[in-house]
Structures are given as C-alpha cells and as structure tokens.
Colleague: 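Following this message is one structure expressed as structure tokens.
All ligand and atom numbering here is 1-based and tracks the order in the structure. Count residues from 1 along the sequence. None of these values were measured; they are calculated from a predicted model. No hydrogens, no waters, no symmetry mates; every other heavy atom, side chains included, goes into these values.
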Amino acid sequence: MAIDAYEAVIGLEVHTHLLTRSKLFCGCAASFGAGPNENVCPVCMGMPGVLPVLNRYAVELALRMALAAHSEVQSYSVFARKSYFYPDLPKGYQISQYELPLCKGGYIEIGNGGGASRQIRLVRIHMEEDAGKNIHEADSSLVDFNRSGVPLVEIVSEPDIRSADEAGAYLRELRAILRYVGASEGRMEEGNFRCDVNVSVRRKGSSELGTKTEIKNLNSFRFVEKAIAYEVARQVEILEAGGRIAQETHLWDPIREETRPMRSKEFANDYRYFPEPDLPPLRLEAEMIEQVRASMPELPAQRRERFQREFGLGTYEAIILTEDREIADYFEQVIAEGVKPKTAANWIMTEVLRKLNETRKPLSEAVQPAQYGVLLKKVEDGTISLSAAKTANTAMWESGKDAMTIITEMGLIQISDEAAIAAACDKIIAAEASKVAEYRSGRDKLFGFFVGQVMKAMGGKGNPKMVNEVLRQRLAGG
Ligand SMILES: [Zn+2]
C-alpha cells in the first residue's frame, strides 16, 4: 500500500481553560453551567471605556503548566490584541499574546506502553481570553457571554508527532499534567480542552515539509485520532494521483467521519496583532517563578517512574494508573490497606475502571479503598477465589454493603478443606471411568474437564489450586 511510503507530520494547538474562580480581566465567575449571561460585566461584555485588570492567579496556573512542561518562562511578556469580528466577541478583538509569549520551548514526554518514550517539543505556551458562545436556533441566533473573558492557555507543539496514536498519547499526557498541577480540569465535554490539528505528509526519509491542512476545534481524543487518520489517507491519495495539497482549514464531521474545507472567508487570517494598550507588559519576578516551582506537586511522569520502582509495576500498568491523579491516589490507598501492589493494580485496571465506566459515577462514589482492602486480602489468603471477589464486587457496587457482609450473605468463602476436596475428586473419578482411562492413555487435554466437573460438584467454591493438585495426584495414581 502506498500509504506506507509516507509519514505524517503533525502539530497540535491545545486551548484549555485555567481553573480560576474569576475571569482573566474582570471579577466575574469563570465557572461553567450558569444560566445565559449571568456571569457578565461591562469589562467582559466589551463596553467602551472599561479597563482590563490581569488575574494574578491565572498567571500562576499558566506558570505551573509551563514548569511541568520544561518550558522557559519569560520574565517579560506582552499581551496583544488579535482583531477579528464575530458576534461572540463584542470588543472586536481578543486579548492574547503574540510576539512575546509567557513561555517558549519545552517538551511533553510520551510513552507508548512498553517501548521507548519520546519527547514532543513545544513551540510556546501563552495566555489569552476565551470568546463567548453563539447559539443558533431555528429562527434566531443568541449569544451567551458567560465564557467571554475566561482565562485560557494555548499550548503549541512543534510538528514532532508522527501518527494518530502519538497525537492521542500526547493529548492524554498533556491533560494529565494539567490536572496534576491543578491548572485545568481538562474536560473536553464542557469545551474547556479543545484542539486544532496541523497535518501534512511527506515521503519517508524526506526532511522537507509538505503543505499542511489545519483541522479546527476538535473536542474529543477519539475525534482527533480519527480526523488525523482520515486526513493522512486523504492527502496520500491526492499525492499518489499526482495532485497537490491545498493549504486549507478543515472541519471534522463526526457523523460522516470525514474532514471538509471551511469556506475561505471563514478563516481570513488578518488579525492585525498589536500590543494591548490597556495592559502593561507582564513582568515576572524571579522570586515568583521560584515560589511556583517550589509548590509543584509530583508530576505524572515522576509518579509513573515511582510506581514502577516502588511497586514493581510494568510500564503499561504505570501509565494507566497515573493518567488520573485521583485513580493514582486510590491505588495507593488500596495498597495502604495491606493489599499487594500487583493485586491492587490488576483489580483497579479491570474491575474498578470498568465499573466507573459502566455506572458513569465519579471515583468519590465508588466502593471505598478500605472495602477493597478487606476483599482483596481475602483473595490473597485463599479465603475466596478471584471470581468470587468479582461476584462480590458487583453486589458491593449495587447494594453499597461492605465486603464481609456480601461474602457471608452470598456464601462466597471457598472450600480449602483437603478431605472435602479429595472426596469430590474421588466421586468424579469413579463416575467418569471411561474418561479416566482415556486420560491415562495420554489424552492430557481431559484434565480441564475433570477440574470443571469437580468445581461444578463443589458449587464453584473449591479452592482451584488445591483441586488441581489433588486431581493430578489421583489421576496419576492409577
Ligand atoms: Zn466580567
């Protein structure tokens, strides 16, 4: 296939809301979910004669993100006006940063679940305000300015990404970092983590850049991955047919699963940037940067490394368990109950994440770590089997009852009494004489059949390890 002869060159621009209580340049609440136009004032409505005042905490959050991304914080940066007209931007310009951004360079490290990790370099991180939101109805259009002036950081990567999978890994790592440092909630479904993608392709081995297209405003990891895969295939097809790629801005259509170009006048990029005359340049004292640095929490990459070193987890397990800071805390709480790290890791990665997904509940409403402490230690000491623990888990989620009550009520304690197991084995061996003869003449595969029969006879409660041992002895005994 011709597509194998090409490689994709991908750069991402991520916009994410900073987790402040008030907006970037006024005291209005920056929260999501208020009624239309409840969180507005003359400043964020763009009335004439008002003056913006910079939110210091927003700067601190942007700095946390920058330090976590190894980005170079600039002691002198400048806000700029980016002029364009849109009904949800009443001033006629957005306050952003252009020539002199808050931070330059840096990188995000992505692992691919086993292989070597890779650094995706950053061009810059800068601050800007969000615009409002247009709502189009059947016979009219409405504007909600609640989002107008909410602080954003824009994180721009170098075109270092080579596949849709790497783009997904980069975004997941970026979101994990933002959440760990408390800079953003990174909730795509609320539109506070959005992504623009630049994609071009070139023949493998070439160092020249092809003509790129931009795909705007993707709001889910899955859409980003699908849009990239679609766009790469589309570009390769055009080039293979001898055509040329047009430099265009595209939109992703999630229903038809294809990208299509926006009308050219929708992206006439003449923003006429100039320094914002109402705000002084932003000067950062070294002391402030050092204070922020000193307050930085453990980052996802550090926690991954520690989980592998301290708990003997594999790379993949460490990635899954550290992606979300709360899940990582939860894992450590289960271990603190005396459960072996390997047992806790397997349990959370399968049972807990599945239940959270099925029930759509937040982790705070999940079964508490202390309960899993009780349940999993019963598995480790052989009192109950792993499959019985899974049965108990479903009941614990449904009823909210504690682990011991469920184990007792459902009669899940497994039988480890040697005499009882031996009796069950003997009974099956006596009843299945012809199968025993076949097994003894070399049909080893039948062993599983005998195990199944014994477990069935014991109502699924026989200690599987002991059943195996006793059966092996008896069947070999002749
Ligand atoms: Zn306001």
Colleague: State plainly whether the residues Glu109 and Arg121 are in salt-bridge range, i.e. N to O under 4.0 Å.
Modeller: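 No, no charged N to carboxylate O under 4.0 Å.
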
Colleague: Step through the shown structure and confirm whether more than 12 heavy atoms of other residues, nucleotides or ligands are within 6.0 Å of CD on Glu310.
Modeller: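 Yes, because the 6.0 Å sphere around CD of Glu310 holds more than 12 heavy atoms from other groups.
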
Colleague: Under 6.0 Å between ring centres: does that hold for Phe331 and Phe307?
Modeller: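 Ring centroids of Phe331 and Phe307 are less than 6.0 Å from each other.
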
Colleague: Could you tell me which residues satisfy side-chain contact (heavy atoms from CB on, under 4.5 Å) with Glu326, sequence neighbours excluded, listed by chain and number?
Modeller: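 Expected list: Asp324, Leu363.
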
Colleague: Does NZ or CZ of Lys91 lie under 6.0 Å from the centre of the six-membered ring of Tyr93, at an angle within 45° of the ring axis?
Modeller: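 Yes, Lys91 and Tyr93 form such a contact.
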
Colleague: Relative to the Zn ion (ligand 1), how many protein N, O or S atoms have a separation of less than 2.8 Å?
Modeller: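 Step by step: take the Zn ion (ligand 1), keep protein N, O, S below 2.8 Å, and you get 4.
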
Colleague: Mark yes when over 12 heavy atoms from residues, nucleotides or ligands other than Arg354 sit less than 6.0 Å from its CZ; otherwise mark no.
Modeller: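 Check passes, neighbour count above 12.
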
